[in-house]
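See structure below.
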Amino acid sequence: MVGSTQSFRIQLTTLLPRLRRFGHALTGNTDDADDVVQAALEKALKRERQFQPGTRLDSWMFRIMQTTWIDMTRSQRVRSSRAGTMEEASFAVGEDGRSSFIARIQLSETRRAMQAMPDEYSAALALVAIEGFTYKEAAEMLDVPIGTIMSRVSRGRQAIIAAVNGKATHSGEPS
Amino acid sequence: MTKDMLDKLSAYLDGELDDMARTEIELALEKDTDLQAMLETISSADNSLRPAYAATLNAPIPDRLSKILTEPEKTSLPDWAGMIRSLLRPDILAGATAALVIGLVAGSSFTTTNTPSAEGFIMAETGEIIAGQSLATILTTARSGEIVQADGHDFMIRLSFKTDDGKYCREFRNQASVGIACSNTQGWKIETIGPNLSPPSDRFAMVGEAPSEISAAITRLGVAEVLDIDGETTAIHDIWK
């Protein structure tokens with residue numbers, strides 16, 4: 001189906017902020033994230049008939065994004081820079097300079113660690129720890145057993161801990 | 001600490017353990033301060049994850065994304081087969097008439113006229129109503145799904161087809177009107193026109209129920225072939241001859 005209903009488009013519009021966040025966690029930068037979101041939206045509009053009313057549209061879209069990202073990385077249609085491009089402009093409000101600085105480093109290292117880990121780990125961790133899906137839901141989206149999700153989420157968290165603690169120690173903070 | 005224990009602590013944090021495993025972890029946590037410290041450390045990873053992407057969540061949506069969802073598709077053709085099937089439904093056929101309706105629509109750019117007009121229609125010597133210059137240009141050159149501006153209005157071609165007797169016809173619409181025009185030796189003959197009664201958000205939808213005037217005209221004309229992208233490209237190139 002090429003055309004799509006207005007209500008379907010409205011639902012997709014309300015999902016856009018979360019799709020971009022998931023894309024950022026998946027790809028490591030906002031430019032690639034928006035490329036993935038754009039490609040996923042175009043696919044979704046063409047496949048609206050495949051979406052089953054009564055099921056979760058966000059799950060359906062995240063799955064499309066995940067496969068789209070795999071396709072893009074396989075064909076190397078990703079941008080060269082993998083640096084994050086979004087700043088936490090308002091994060092320092094109410095905090096002193098030092099803690100704000102440390103917090104910024106931690107966030108930066110968190111993103112760097114997400115970017116450095118294998119895509120299947122970052123996808124599982126993003127779906128569970130950021131988007132709030134259950135292991136079962138994430139397993140269905142990524143088409144893997146629940147035990148695999150459990151392991152990937154745990155490994156992903158360990159990678160984040162190692163990255164953040166390493167940088168905090170380097171910055172004079174206790175690990 | 002074993003990988004298995006780390007996985008269980010992580011799953012415990014996510015509320016994903018069954019009752020037995022959860023009880024086992026909670027008993028262990030009561031006795032083991034290292035385990036407590038590890039649980040806190042694992043929890044701290046999540047404390048930085050959501051804030052790490054909060055800026056992206058709260059950032060303005062780029063135009064290139066929002067436009068995909070707010071603008072009609074411009075590069076693809078509609079589900080031709082499905083559209084024709086819906087147009088040829090028996091209940092629509094039963095109520096179909098071959099009426100030619102002109103000038104029904106208040107606010108439309110289409111006007112009935114006996115003289116050539118850039119924005120209205122032309123009454124030919126044969127008594128036929130043919131498209132004025134602006135509409136004729138759109139009918140001749142625009143691709144289906146493309147929004148074209150003329151005379152201060154957006155126009156879209158929704159469907160191109162060939163009739164049983166070999167004529168090329170196109171369904172067109174603007175915010176206020178819908179119609180069908182077929183190519184002949186004098187230009188584009190208006191076969192029917194009626195009000196676009198769709199809600200404003202759907203007035204340029206590529207699929208959906210067609211007004212009864214359109215359904216009736218399509219039935220009357222007889223659809224031998226609905227043009228796909230290639231067929232439409234060829235017809236535009238050959239000026240619909």
So, taking the atom named [atom1] in [X] and the one named [atom2] in [Y], what distance separates them when rounded to the nearest 0.5 Å?
X: A:L16; Y: B:L57; atom1: CG; atom2: CG; result: 11.5 Å
X: A:N29; Y: B:T56; atom1: CG; atom2: OG1; result: 10.0 Å
X: A:K136; Y: B:E16; atom1: NZ; atom2: CD; result: 10.5 Å
X: B:L49; Y: A:E131; atom1: CG; atom2: CD; result: 11.0 Å
X: B:M38; Y: A:Q158; atom1: CE; atom2: CD; result: 5.5 Å
X: B:L69; Y: A:T14; atom1: CG; atom2: OG1; result: 9.5 Å

Taking the side chain as every heavy atom from C-beta outward, state whether [X] and [Y] have any atom pair closer than 4.5 Å.
X: A:D35; Y: B:R64; result: yes
X: A:R20; Y: B:L65; result: yes
X: B:S48; Y: A:L107; result: yes

Heavy-atom pair count under 4.5 Å with chain B, highest-scoring of [options]:
options: A:S151, A:G156, A:G132; value: A:S151
options: A:L19, A:I146, A:I130, A:I10; value: A:I130
options: A:G23, A:P17, A:A159; value: A:P17
options: A:D34, A:L41, A:T134; value: A:D34
options: A:I160, A:T110, A:L125; value: A:T110

Of the backbone (N, CA, C, O) and the side chain (C-beta and beyond), which part of B:L9 lies under 4.5 Å from a heavy atom of chain A, both, or neither?
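Neither part.
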
Against chain A, label B:A11 side chain, backbone, both or neither, depending on which of its atoms sit under 4.5 Å from a heavy atom there.
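Contact with chain A is through both the backbone and side chain of B:A11.
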
Check the pair B:I68 / A:R9 against side-chain contact (heavy atoms from CB on, under 4.5 Å), numbers first and verdict last.
CA-CA 9 Å; B:I68 294 173; A:R9 287 168 178 264; 5.8 Å; no

Within residues 30-46 of chain B or reaching into it, pairs that qualify as side-chain hydrogen bond (donor to acceptor under 3.5 Å, both in side chains) - sequence neighbours excluded:
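Sorted pair list: A:R157-B:D46.
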
Smallest separation among heavy atoms of A:S154 and B:D7, with atom names:
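Scanning both residues, the minimum pair turns out to be OG-OD1, 2.7 Å.
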
Provide the full list of ring-ring contact (aromatic ring centres under 6.0 Å, His included) pairs with a residue in residues 29-48 of chain B, sequence neighbours left out, each pair given once.
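Listed once each, the pairs would be none.
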
For A:V128, is it the side chain, the backbone, both, or neither that has a heavy atom closer than 4.5 Å to a heavy atom of chain B?
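Interface part for A:V128: side chain.
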
